[in-house]
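In what follows, chains are A, B, ... by sequence order, proteins preceding strands, each numbered from 1. Quantities reported herein were computed from a predicted structural model and do not represent experimental measurements.
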Number of protein chains: 2
Amino acid sequence: MKQETTKDRIAEAAKQLFYERGFEATSFADIASEVGISRGNFYYHFRTKDEILEAVIARRKNETCSMLADWQAEGSDPVERITCFIHILIANQSKITLFGCPVGTLVSELTKLGHGAQDQATSIFLLFRGWLCRQFEELGCGERSNGLAMHLLARSQGVATLAQAFKDPDFINFEVEQMQSWLQSNLPEQL
Amino acid sequence: MKQETTKDRIAEAAKQLFYERGFEATSFADIASEVGISRGNFYYHFRTKDEILEAVIARRKNETCSMLADWQAEGSDPVERITCFIHILIANQSKITLFGCPVGTLVSELTKLGHGAQDQATSIFLLFRGWLCRQFEELGCGERSNGLAMHLLARSQGVATLAQAFKDPDFINFEVEQMQSWLQSNLPEQL
DNA sequence: CAATATCTAGGACGGTTGACCTAAACCTTC
DNA sequence: GAAGGTTTAGGTCAACCGTCCTAGATATTG
């Protein structure tokens, strides 16, 4: 692995700030001061704000890919793997309570801004959807697989939105349990 | 009823624009040109942007209140009333596909901005939650009522978020059906 | 050490924003 | 139709935005 470049540090800081404050509300100056560099230097690495956004989305996509690959390796059972997905909500509980889902809120903002990068952001959702779909197929859910994947994705989004709105991390625990029992009761072949 | 004042027209236009483009991304000039008045006149009616935001939220709260009251009047059966709630998703299908849920996206943006009006916006969610909770209580769900209300609210939010992300209005129909069958299978006393 | 490529700092630019002010136009009600 | 409050139009302001430029610092290589 290469050493962490300044460009990486900028992208990482931007990722965090876009998540916490939103894309539009985050200025060059905000990111620069967060990284501890001047705005001019900043401009050397990224010429436009859209370039930063692209880098941030690419970063999130890479992280998602490797996370999904990890889960694929860990659990031999698709049910276990899907459980891994459900548990992101708990792993990121406090951040979600403060800022919602990083992907969902970004997609929503970009859509409202009419920003061209909306599709790129949505493609992160597509990664999850495709991966989940494959898990359900492996479980023998057949044609229903894609619908089940979307359903699970939607449930997660709803939980994140309400947890943020009501500033209630416990709601996440509550709903995660329900999602897991839903998963058990939706398998095609019961024991 | 009083005649529609300029102040009302401004608030209505702001409500629409805040929904479609977001609060931060909407400027005074945008609203003024939408209403067809000058920025100066605009400032006469609302001194600050926060004042407009308050008016917009108050407007949404009033609309929500009267909508809930209407549902209370129409359906004598709590199940029918809850069905009314679920069907907002279909009634606003195309707008939701374009801009998401007006309440959810606003709350999320205000939270990220650290805006003081976040609680006011969340109180719209509270109206729905309280009303739904009362319906479930009337159905005899007892202590579970609040959890069921939150669950339904979360489901709706998730559906709105994904429908917007994937620009897929049909997903709304698909999930609405599921929510209705969920409702039927969660009643305390089956026939 | 010299030469070159890479990185950094900080200032300057047009443009837009929310906010504010003043003067004119529009109603009332005597 | 005069007086006085209400509404409107449009200009001004400082602050900030994304963008761009240049000169100096630092690192790399011959």
Rounded to whole Å, the CD1-P distance (A/I31 to D/dT19) equals 11 Å
Whole-Å distance, B/I52 CD1 to C/dT17 P, equals 13 Å
A/K49 NZ to D/dC17 C1', in whole Å, measures 8 Å
Polar side-chain atom of B/D70 near backbone of B/M67 as donor-acceptor pair, under 3.5 Å: no
OP1 or OP2 of D/dT8 sitting under 4.0 Å from any side-chain N/O of B/T6?
yes
Subject >> N/O (side chain, A/H45) to phosphate O (OP1/OP2, C/dT8) under 4.0 Å >> reply: yes
Residues A/K49 and A/T26: closest non-hydrogen pair is NZ-O, 2.8 Å
Rounded to whole Å, CG of A/L17 lies from P of D/dC17 at a distance of 13 Å
Is the phosphate of D/dT7, meaning OP1 or OP2, less than 4.0 Å from a side-chain N or O of B/N41?
no
Per nearest nucleotide of DNA chain D, the residue lying toward the 5' end, A/A25 or A/G40, is A/A25
Practice prompt. Report yes if a side-chain nitrogen or oxygen of A/S38 is closer than 4.0 Å to either non-bridging phosphate oxygen (OP1 or OP2) of C/dT8; otherwise report no.
Written response: no
Just by distance, no angles: are the side chains of A/S145 and A/E137 close enough, under 3.5 Å, to form a donor-acceptor pair? no
Rounded to whole Å, the CD-P distance (B/E51 to C/dG18) equals 14 Å
Donor-acceptor pairs are to be reported for all side-chain atoms of residues 85-93 of chain A against protein atoms at under 3.5 Å, with residues two or more places apart or in another chain.
unit_1	atom_1	unit_2	atom_2	d
A/H87	ND1	A/T83	O	2.9
A/Q93	NE2	A/P169	O	2.9
A/Q93	NE2	A/N173	OD1	2.9

Quick note, A/R39 side chain, CB onward, closest among D/dA9, C/dA19, C/dG11 is C/dG11
Between A/F136 and A/W182, what is the ring plane arrangement, given parallel below 30°, perpendicular above 60°, and tilted in between?
perpendicular
Overall bend of the helix from C/dC1-D/dG30 to C/dC30-D/dG1 (five pairs an end, 10° steps) is 0°
A/F42 CZ to C/dT6 P, in whole Å, measures 21 Å
In whole angstroms, the gap separating C1' of D/dT6 from OH of B/Y43 amounts to 17 Å
B/F28 atom CZ is separated from D/dG11 atom C1', nearest whole Å, by 16 Å
Would a distance-only check, ignoring hydrogens and angles, find a side-chain to backbone donor-acceptor pair under 3.5 Å from A/S123 to A/Q120? yes
Short side-chain donor-acceptor distance under 3.5 Å, B/K112 and A/Q164
no
